[in-house]
Each structure stands twice: as structure tokens, then as C-alpha cells.
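Structure first, then comments.
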Amino acid sequence: MPSRKELANAIRVLSMDAVQQAKSGHPGAPMGMADIAEVLWRDYLNHNPTNPEWVDRDRFILSNGHGSMLIYSLLHLSGYDLPIEEIKNFRQMHSKTPGHPEYGYAPGIETTTGPLGQGITNAVGMAIAEKALAAQFNREGHEIVDHHTYTFLGDGCLMEGISHEACSLAGTLGLGKLVAFWDDNGISIDGEVEGWFSDDTPARFKAYGWHVVSNVDGHDSDAIRAAIEEARSVTDKPTLICCKTVIGYGSPNKSGSHDCHGAPLGEDEIKAAREFLGWTGEAFEIPADIYAQWDGKEKGKQLEASWDEKFAAYAAAHPELAAEFKRRTSSELPADWAEKSQAYIEQLDANPANPASRKASQDALNAFGPLLPEFMGGSADLAGSNLTIWKGSKGLTRDDASGNYIYYGVREFGMSAIMNGIALHKGFIPYGATFLMFMEYARNAVRMAALMKVPSIFVYTHDSIGLGEDGPTHQPVEQIASMRLTPNLVNWRPCDQVESAIAWQQAIERQDGPTSLIFTRQGLEQQTRSAQQLSDVKKGGYVLSCDGEPELILIATGSEVQLAQDSAAELRQQGKKVRVVSMPSTDVFDAQDAAYKESVLPAAVSRRVAVEAGIADYWYKYVGLNGAVVGMTTFGESAPANELFEHFGFTVENIVNKANELF
């Protein structure tokens with residue numbers, strides 16, 4: 001029977017061979033963490049290679065995602081549908097083994113990692129989801145939600161500020177089933193980290209409220225087992241296992257240095273490594289007895305079958321809860337969702353009111369929240385401004401995780417990446433809020449949500465110079481345009497309470513990516529719509545008012561829609577035939593068929609003016625180079641909102657003048 005070291009060496013040789021064949025990659029981390037991975041995956045990780053979606057599996061996240069050949073080797077060896085051909089195609093076009101692990105490619109990849117620090121933060125989100133789902137569904141004698149979240153991370157993850165945000169909150173919430181393994185090898189791309197990373201990491205995590213297992217020999221299987229046993233025995237706080245490792249272990253001349261961090265070892269060094277490790281096989285050759293010891297398919301089937309029995313007993317005792325659990329973990333909306341959400345929208349349409357869209361958002365939460373027990377809300381310490389707490393909100397705490405609202409504190413980046421982890425775990429629809437300006441802190445987590453196609457809902461309020469006196473540090477200008485440029489991110493900037501409710505409805509129904517909902521501080525006048533116009537809001541852009549065949553089109557979003565309507569009224573008095581188009585979501589509008597887009601913005605009408613209190617440049621794709629844009633070209637100022645709108649040209653007079661210049 002192969003020894004543990006030989007089983008770990010299978011990871012090492014696959015990793016160095018794949019990186020060498022690709023002529024790029026990071027062999028050091030997989031070779032250094034192979035012994036830890038062998039113990040965790042073969043002795044502790046509850047998973048089923050034949051069903052990577054088993055709902056109560058343990059989650060494994062490689063936060064140091066540059067070491068991607070580690071997880072690809074683990075998946076291949078364990079029996080997932082990742083054949084050796086995919087290992088050989090590492091980093092090649094359309095392979096299941098891209099340079100960094102990507103969710104949705106290889107089975108068993110729980111999240112996309114690579115941007116350091118976000119993997120550990122996704123893991124915190126998954127551990128929160130596990131704790132909350134267990135609190136909401138487990139009953140005495142029936143623990144159907146009972147799994148761990150394990151994550152590997154390196155020095156880079158710990159240097160990234162997001163790790164502080166996430167790990168601080170994890171300690172506060174007492175996430176006892178979260179176990180992190182720190183690859184303490186002392187090396188980063190630039191060399192030995194002692195010159196730029198001298199933190200007392202164990203003390204740091206103890207201060208967060210974590211249990212810490214220090215000075216574990218990452219190449220001693222017995223020490224690793226003992227550390228994991230200790231971590232699993234601590235159930236009231238997360239655990240950090242500090243593993244002293246040698247980067248590139250097995251490479252006689254490059255191990256322990258940055259030379260093996262991010263480049264192939266080279267043919268000669270691979271030959272020397274094989275000799276050092278006592279590995280006689282050719283490249284990509286794994287002996288049958290080693291494959292047999294790694295194969296986790298039968299064990300995985302047994303684990304899932306055992307859980308199926310537990311769930312059957314649960315369903316017999318609690319049939320309604322069991323049905324609800326299956327619905328939520330399958331990401332299915334309630335059967336009455338479509339009917340009841342639409343009824344609320346029609347009710348708003350029939351009863352005009354003029355709240356700020358952030359208040360309209362809260363009203364929508366109060367209407368939709370009772371329909372959606374899967375809601376998991378939150379705000380980055382701005383709940384009173386974002387208005388994200390609804391009547392049924394209950395805070396999630398260390399001692400009571402059955403809540404549906406997370407107080408994230410001032411952690412915009414951490415909040416957003418935690419939301420992604422919650423969405424990936426399934427069982428919840430996460431939404432989280434901050435001021436639009438501060439999405440800048442969270443930008444890369446928003447991008448990762450779009451890349452992974454996960455349905456996180458990002459709520460942003462105080463969306464323009466309209467927030468007033470707080471000034472340009474808090475006034476968004478370029479943010480909406482930059483988000484619209486992000487592939488697969490759908491953005492809504494509604495003009496009234498009706499569009500706000502529809503934006504929420506569409507965000508909740510979206511399954512293939514994230515949505516940002518962008519709301520005002522100031523009140524917005526409700527627009528009058530026909531039944532067809534109400535239906536067309538969902539298309540992202542629609543004709544709000546029009547006089548026959550138009551000779552001029554005004555396009556606006558959000559708080560500027562009423563301004564466009566007032567300007568159109570003035571232009572009509574001058575004898576102009578004007579169409580006003582409300583475009584709450586340019587992303588959704590752009591996805592409509594050509595015929596619909598032509599019906600809203602006919603090519604024959606070249607006189608166009610776009611009006612939005614955001615960066616002007618974005619709108620030339622709709623108005624053309626000969627059109628006009630009333631927008632921002634500078635940062636804002638500190639002053640009352642009404643003065644700012646006048647100062648920057650958001651007035652009927654200016655819009656009318658711009659329009660008349662086109663004739």
C-alpha cells in the first residue's frame with residue numbers, strides 16, 4: 001500500500017508536470033501544501049466525486065488560487081469528472097483547468113479564486129450560510145445541515161486587507177465550522193516576506209476571536225491530523241491552523257525560494273525532483289495503486305446515501321420544512337412569487353406616491369420579504385441610510401444564527417465577497433448595501449460575482465450629486481458607467497417607486513449573474529404608465545411619453561426622468577414632437593431584440609439628448625456623436641442638492657437649449 005508521502009507526491013508530480021507543459025503557472029504552493037491536502041481530503045473532507053452538488057458536502061476553497069494545480073490534482077485523483085487530458089491541458093483555451101480555479105468549469109470548484117483574500121472571504125460567506133441554514137432548518141434529532149468549510153490560504157491572502165474584514169467578522173459570529181490552513185512558507189513573488197510581512201499572525205487571529213493551532217509541521221501527516229482534530233473539537237469559533245511548509249517541497253534546487261513560486265521548474269529540475277521524491281513514472285503517469293487509494297467515489301456515495309436516510313427521516317417528521325429546504329437549496333422561487341410580486345407592482349402603479357427610491361426599495365423589501373424566507377440582507381454600517389432593514393428583518397448573531405440580516409460593519413469589500421460565498425453555498429438570496437460611492441471599495445468582489453454568474457444583489461443608495469452637502473468625496477460620478485461596462489452585471493437605476501419594485505423583482509428572479517440596484521436620497525415623482533408601458537419596464541428601456549412620430553428623443557434614468565418629462569413639456573409648447581425614454585437598465589435594454597430597440601429608439605430620429613447625473617461619456621452610444629448629453633464631466637461640489645443640480649446644468653432651461661441646438 002502506498003505511503004502517505006507517496007500519495008502526496010502524486011499531487012506534486014502532477015502539478016510540476018502540468019505547469020511545465022503549459023510553460024506557465026505556480027508549482028510551489030501545490031508542492032508545498034500537498035501533505036496537508038492529502039490528510040484533509042482523504043481523512044476528513046466529506047464530499048462525493050460522483051455528485052459534486054450534494055447539498056451537505058463540506059466546502060473546500062483554495063484561496064491562494066494561483067496554486068490551482070493543487071485543487072485540479074485533488075479533483076482528478078479523487079475521481080471527479082476531470083480526466084488526465086484536462087490536467088495536460090492546464091491553462092489552455094477552453095479547458096476545465098484554467099490558470100486560476102473558475103467556478104462552473106471543473107466539477108468540485110466551489111468558487112473562483114485568484115484575487116487574493118477573496119477566497120477566504122467567500123469561505124466566511126459559506127460558513128455563515130451553513131450556520132444560518134442549520135439554525136433555520138435543523139430540528140431536535142434531525143441535523144440535516146452539518147458540514148465544514150475548509151480553506152487554504154497563503155501570505156498574500158493575509159496581506160490583503162479584505163482578509164481582515166472577513167476574518168474579523170468570522171470571529172465575531174463564532175463560525176465554528178470554518179477551518180483555515182495558513183501556508184506559512186515565508187515566500188511571495190518578490191522573495192522572502194520577512195521584509196514586508198512581519199505580522200504576528202497567530203496573535204492577530206486570536207484577537208479576532210479565532211482558535212489558533214500554531215507551529216504545525218505541514219509535512220508531518222500526524223501533526224496535520226492532530227491539528228485538524230483539535231480544530232474540529234472547537235465548535236464555538238473558527239480555527240486557523242498555521243502550517244510551516246517549504247514552498248516547492250521536493251525540488252532539490254528551487255524549494256524554499258521564490259524561484260518555484262510562479263514559474264515552471266524546468267526539465268532538469270523536474271528530473272531531479274523525481275529522483276528526490278523517489279518517483280519513477282513518466283510525466284502525468286500515476287500508478288494504479290495510488291489512484292486506488294485516492295479514489296473517493298465509493299466513500300462519497302456512502303456519505304451521501306447516509307445523509308439521504310437522515311433527510312428521509314427529517315421529511316417524515318417535518319414534511320413542510322423538508323419541502324422548503326429542497327426548494328431553497330435548489331434556488332427555486334416560491335410558487336406564488338410571480339403572482340404576488342406582480343400584484344404589488346400593479347398596486348403601486350394604481351396608488352401614486354413620490355418617495356425617494358431608497359425608501360421605495362425598503363417598501364419593496366417589506367412587500368417581498370414575507371414571500372422570501374431565503375432573503376439574507378445586510379448593510380455596511382449604513383442601514384439607516386440605505387434602508388435595507390424591513391419589518392421582518394432579524395439580525396444574525398453568534399448565539400442565534402436563525403436571522404436573515406447581517407450587520408456587516410464598515411466592511412464594503414468583505415460584505416460583497418461574503419455575499420458571493422452565501423450565494424455560492426445556496427439556500428439564500430443575499431443582498432447587501434452601501435453608498436454608491438463606496439462600491440469602489442468592493443469593486444473586485446462585484447466583478448467576481450459577474451464572472452462567476454452568481455446572483456448576488458448589490459444595493460447602492462445616494463446615487464449622485466443629489467446627496468448634496470457631503471460633497472464630492474461621497475458623490476458618485478463615474479461609478480454607474482463603470483458598472484455598466486462590467487460584463488454580466490445588470491444595473492438598475494429606477495425613476496420612481498414602480499420602477500424600483502420592478503428592479504427588485506427582476507434582481508430576485510435573475511439566476512445567471514449579479515444585479516446592482518441604484519437608488520436616490522431625494523424624493524422622485526411617480527410617472528403615469530399604461531399597462532403596456534408597465535410591462536415594458538422589464539425590458540430596461542421604454543417609451544414613457546411621445547407625440548406621434550418624434551423629431552427629438554430625450555433619454556433619462558432615475559432622478560432625471562422627471563426632469564426630462566418637464567423639459568419635453570416645454571419643448572412641446574414650442575411645437576416640437578418629443579419622445580421621452582426612461583431607461584432604468586441599459587444592460588437589459590441592450591439585450592432586447594433589434595426590433596424592440598428600434599421601436600424605442602428609431603434610427604431615423606437622430607436628434608437625441610441623454611440626461612443623467614453621472615459621467616456624460618457613456619451616453620454617446622445612444623445619442624450618437626451628433627447628439628447631446630446633459631451629464632457630469634467633473635467631480636461634484638459640497639452644497640445643497642438643488643443648488644448642485646442647477647450649477648451642473650440639470651435644469652429644464654439647459655436641456656431645452658441643448659435640444660434646440662440640434663435643430
Answer yes or no on whether Arg59 is positioned over the face of Tyr150, meaning its NZ or CZ is under 6.0 Å from the six-membered ring centre and within 45° of the axis. no
Which residues pass the side chain to side chain donor-acceptor pair (under 3.5 Å) test with Asp199, not counting sequence neighbours? none
Could you tell me if Tyr618 and Thr586 have a donor-acceptor pair between their side chains, going purely by distance under 3.5 Å? yes
Check this for me, if you would: do Asp58 and Lys177 make a salt bridge, where the nitrogen-to-carboxylate-oxygen distance has to be below 4.0 angstrom? no
With a 4.5 Å heavy-atom cut-off, do Leu133 and His425 have their side chains touching? yes
State the CG-OG1 distance between Asn185 and Thr245, to the nearest 0.5 angstrom. 4.5 Å
Close side-chain approach of Met419 and Phe458, heavy atoms under 4.5 Å: yes
Got a sec, which residues hit side chain to side chain donor-acceptor pair (under 3.5 Å) with Gln479, two or more places apart in sequence or on another chain? Glu440
Ring geometry between His26 and His100 (parallel below 30°, tilted from 30 to 60°, perpendicular above 60°): tilted
Tyr80-His47 aromatic ring centre distance below 6.0 Å: yes
Can you confirm whether or not the ring centre of Phe152 sits under 6.0 Å from the ring centre of Phe60? yes
Quick check for you: to the nearest 0.5 Å, what is the distance between Leu178 atom CG and Ile128 atom CD1? 9.5 Å
Any salt bridge linking Arg232 with Glu229? Criterion: basic side-chain nitrogen under 4.0 Å from a carboxylate oxygen. no
Flag the pair Phe325 / Phe311 as yes when their ring centroid distance falls below 6.0 Å, and as no otherwise. yes
Could you check whether Asp217 pairs with Lys244 (Lys NZ or Arg NE/NH1/NH2 to Asp/Glu carboxylate O, under 4.0 Å)? no
Given the rule in the side-chain hydrogen bond (donor to acceptor under 3.5 Å, both in side chains) test, do Ser251 and Glu269 qualify, once you have shown the distances and angles that lead to the verdict? CA-CA 7 Å; Ser251 170; Glu269 186 64 12; 2.6 Å; yes
When you check the gap from the basic side-chain N to the acidic O, do Asp35 and Arg12 get nearer than 4.0 Å? yes
Does Phe205 have its ring centroid less than 6.0 Å away from the ring centroid of His211? no
Residue pair Asp587 / Asn491, side-chain donor-acceptor N/O under 3.5 Å: yes
Start with the C-alpha distance between Trp210 and Arg204, add both sets of side-chain angles, then the distance that settles side-chain contact (heavy atoms from CB on, under 4.5 Å), and finish with yes or no. CA-CA 9 Å; Trp210 286 52; Arg204 169 187 166 188; over 6 Å; no
Ionic contact status for Asp222 with Arg4, cut-off 4.0 Å: no
What's the spacing between Ser163 OG and Leu153 CG if we round to 0.5 Å? 8.0 Å
Tell me, do Tyr249 and His219 make a side-chain contact under 4.5 Å, heavy atoms counted? yes
Give me the atom names and distance for the closest heavy-atom approach of Leu424 to Thr111. CD1-OG1, 3.3 Å
Do Ser188 and His258 have side chains that approach each other closer than 4.5 Å (heavy atoms only, starting at C-beta)? no
According to side chain to side chain donor-acceptor pair (under 3.5 Å), who are the partners of Thr486, at least two apart in sequence or on a separate chain? none
